[in-house]
Colleague: 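Sending over a structure as C-alpha cells; questions will come in a sec.
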Amino acid sequence: MVGKGSIKAEDLTLCFEKLMMFASASGSASVGGSGCSGGKMKMEGRVMITDWKDIPIELLLQILALTDDQTVILASGVCRGWRDAVCLGLTRLSLSWCTKNMNSLVLSLAPKFTRLQTLILRQDHKPQLEDSAVESIANFCHDLQVLDLSKSFKLSDRSLYALAHGCPNLTKLNISGCSAFSDIALEYLAGFCRKLEVLNLCGCVRTASDRALQAIGRYCSQLQSLNLGWCEDVCDVGVMSLAYGCPELRTVDLCGCVQISDDSVIALANRCPHLQSLGLYYCKNITDRAMYSLAQSLVKNKPAAMWESRKTRNDEEGLRTLNISQCTALTPSAVQAVCDSFPALHTCSGRHSLNFSGCMNLTSVHCACAVQAHRTANAFPHSAH
C-alpha cells in the first residue's frame, strides 16, 4: 500500500470511511450546516455525499487537516481531483512514522507535493533515506523552509549540494547524526541557504569544523539557534566567527565541544545580545573569566536608559538557561554573579534552568527565589505541637 506505489479498492473504502468519520465529528462547524446520517452526508440541503468522489475539494482539505499523514498520502491516490487538491493544499508532511520503503515513498511523493514548506524525515529506526530521495526533494520542492533529515546515516555530500541549489529558502535544517557529511559540503550549503535561522549539527563531527562555522558566520547572519553538541573538532576560531557574523543568535549548544575556551563564551557574550540559552556541558576549559563576561554582558550590550527601563519590567531578555555541568574549573563566586545578573536562571526545585551537576564546589550557588524561600522558611518556622 503506502510506500509501494499501489492503491487497492479496499484502501479507498477505508480512506473514505475514515474521512466520513472525521467529517461527521466536525459537523456543521466545518461546513456550515452539513450533517451525516445513514452513511450519507448532506450539505446545504442539496448535495448528497455517498462516495469518495463526491466530496467537495474545500471540505476534503478541511477534513485532511484533521487526519494523520498516512491518510493524507492515501487520499492523494484516490483520483486526479483528490491528488490535485492534496498537492495544492499540503504544506507540511511528516514521514517519520515510515519504517519501511521511506526512500521509495519520498521519490514518489516529491514530484506531487511541490508546495511543501515543512518536511520531517527523521529516522528513529533503520536508516533508509538515500541521496536520490533528497535530490528529488531539491528538484521539486523549491518552497521548502523546514527540513529534518536527522539520523540519515546513508546520506552523503550529494544531498547537501542538491539542497543548496534546490532549496535556498530553508530556514530550519536538522542534520543531527548525519555523520557522512563533510565540512566542505556544509560550507557550500551555507553560501546558498542564507535564510537559515535554526541549524542542528549535533553529532556531526566531520561536518562542524571551524572552516564550516566560518562560512556560516559569513553567510547566515539571520541564524538564531545552533546545536553543535559533541562536535569535538569545534575550536574557538569557529565559535568566534559565529558570534561576530550571527548577532541574532539566541540558542547555542556547545555541549561536548571540549576544545573551546573562555574566548568562545566571551565572544558570544559580547556579540550576541539576544542570547538566551547556552550549553557548555563538559567544556572543561571554561573558567571564571567566561562567567564574569556573561554576567557583565547585559550591561555592556544595553544603553544605560534601556538598562534602567529593563529593571522595572519582567525579565524578558538575557540568559534563561545555562548548562555548565562538569565544568569543574568554575568557582561559586563567578557562577553566583551570573545567577544574580539573570533572574530567569533558577537553581530552585523544579525550575533548574541553571544546571551545574557534577560541580560539587558550586552547591552554595542559589537563585534569588531560592534564597527568598529559605529566608521565609526561617522567618516563619513551623510551630511545635
Side-chain angles (χ1 to χ4, degrees), residues 225-230 234 236 239-240 243 249-302 307-308 310-382:
S225 176
L226 179 63
N227 189 336
L228 294 171
W230 305 103
V234 169
D236 289 330
V239 178
M240 291 172 69
L249 277 171
R250 287 159 169 74
T251 301
V252 181
D253 192 338
L254 297 170
C255 294
C257 296
V258 294
Q259 297 193 52
I260 67 167
S261 71
D262 292 336
D263 291 340
S264 290
V265 179
I266 292 171
L268 291 169
N270 292 337
R271 306 294 299 192
C272 302
H274 307 294
L275 192 64
Q276 295 182 351
S277 178
L278 181 60
L280 298 171
Y281 173 75
Y282 214 76
C283 297
K284 292 184 176 290
N285 295 327
I286 302 300
T287 71
D288 287 354
R289 182 166 158 255
M291 294 298 101
Y292 284 120
S293 180
L294 284 173
Q296 299 166 7
S297 63
L298 205 57
V299 179
K300 287 182 179 179
N301 292 327
K302 301 290 182 184
W307 171 249
E308 288 300 320
R310 178 190 172 279
K311 290 192 293 184
T312 64
R313 67 178 190 270
N314 292 332
D315 181 63
E316 297 176 354
E317 299 184 12
L319 280 177
R320 306 184 72 84
T321 60
L322 176 63
N323 188 346
I324 50 174
S325 299
Q326 302 297 332
C327 295
T328 53
L330 300 177
T331 65
S333 58
V335 177
Q336 188 65 60
V338 176
C339 198
D340 293 342
S341 298
F342 301 103
L345 290 177
H346 293 280
T347 61
C348 48
S349 178
R351 304 178 67 184
H352 283 94
S353 54
L354 174 57
N355 191 339
F356 46 76
S357 60
C359 302
M360 300 304 295
N361 60 321
L362 299 182
T363 54
S364 62
V365 176
H366 294 291
C367 60
C369 54
V371 173
Q372 183 60 40
H374 180 71
R375 289 174 179 171
T376 302
N378 289 339
F380 302 97
H382 294 293

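Just so it is clear, the values below take in all heavy atoms, side chains as well, and ignore hydrogens, waters and symmetry mates. Throughout, numbering of the chain's residues begins at 1 and tracks the sequence.
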Colleague: Check whether any side-chain heavy atom of Thr347 sits under 4.5 Å from a side-chain heavy atom of Phe356, and report yes or no.
Modeller: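 In short, these two side chains touch, coming nearer than 4.5 Å.
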
Colleague: Does the Gln276 side chain pair with the main chain of Thr251, one donor and one acceptor, at a distance under 3.5 Å?
Modeller: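 Looks like no, no N/O pair under 3.5 Å.
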
Colleague: State, yes or no, whether a side-chain contact exists between Leu278 and Leu294 at a heavy-atom distance under 4.5 Å.
Modeller: yes

Colleague: Quick one: does any side-chain atom of Ser293 pair with a main-chain N or O of Ala290 as donor and acceptor, under 3.5 Å?
Modeller: no

Colleague: As an exercise, state the distance from CG of Leu275 to CG of Asn270, rounded to the nearest 0.5 Å.
Modeller: 11.0 Å

Colleague: Any non-hydrogen side-chain atom of Tyr292 less than 4.5 Å from a side-chain atom of Ser341?
Modeller: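 Not in contact.
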
Colleague: Does any donor atom in the side chain of Ser277 or Thr321 lie under 3.5 Å from an acceptor atom in the other side chain?
Modeller: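 Yes.
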
Colleague: State whether the side chain of Asp253 and the backbone N or O of Gly229 hold a donor-acceptor pair below 3.5 Å, judged by distance alone.
Modeller: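 Answer holds: no.
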
Colleague: Do the side chains of Val239 and Val252 get nearer than 4.5 Å, heavy atoms only?
Modeller: no

Colleague: Can you tell me how far CG of Leu280 sits from CG of Leu322, rounded to the nearest 0.5 angstrom?
Modeller: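 Between atom CG of Leu322 and atom CG of Leu280 there are 6.0 Å.
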
Colleague: Can you tell me how the ring of Trp230 sits relative to the ring of Tyr281, calling it parallel under 30°, perpendicular over 60° and tilted otherwise?
Modeller: perpendicular

Colleague: Any side-chain to backbone donor/acceptor pair from Lys284 onto Val258? Under 3.5 Å, distance only.
Modeller: no

Colleague: Say whether, by atom type as modelled, one donor and one acceptor occur between the side chain of Ser353 and the main chain of Ala344 under 3.5 angstrom.
Modeller: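 The answer is yes, because a donor-acceptor pair under 3.5 Å joins these two groups.
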
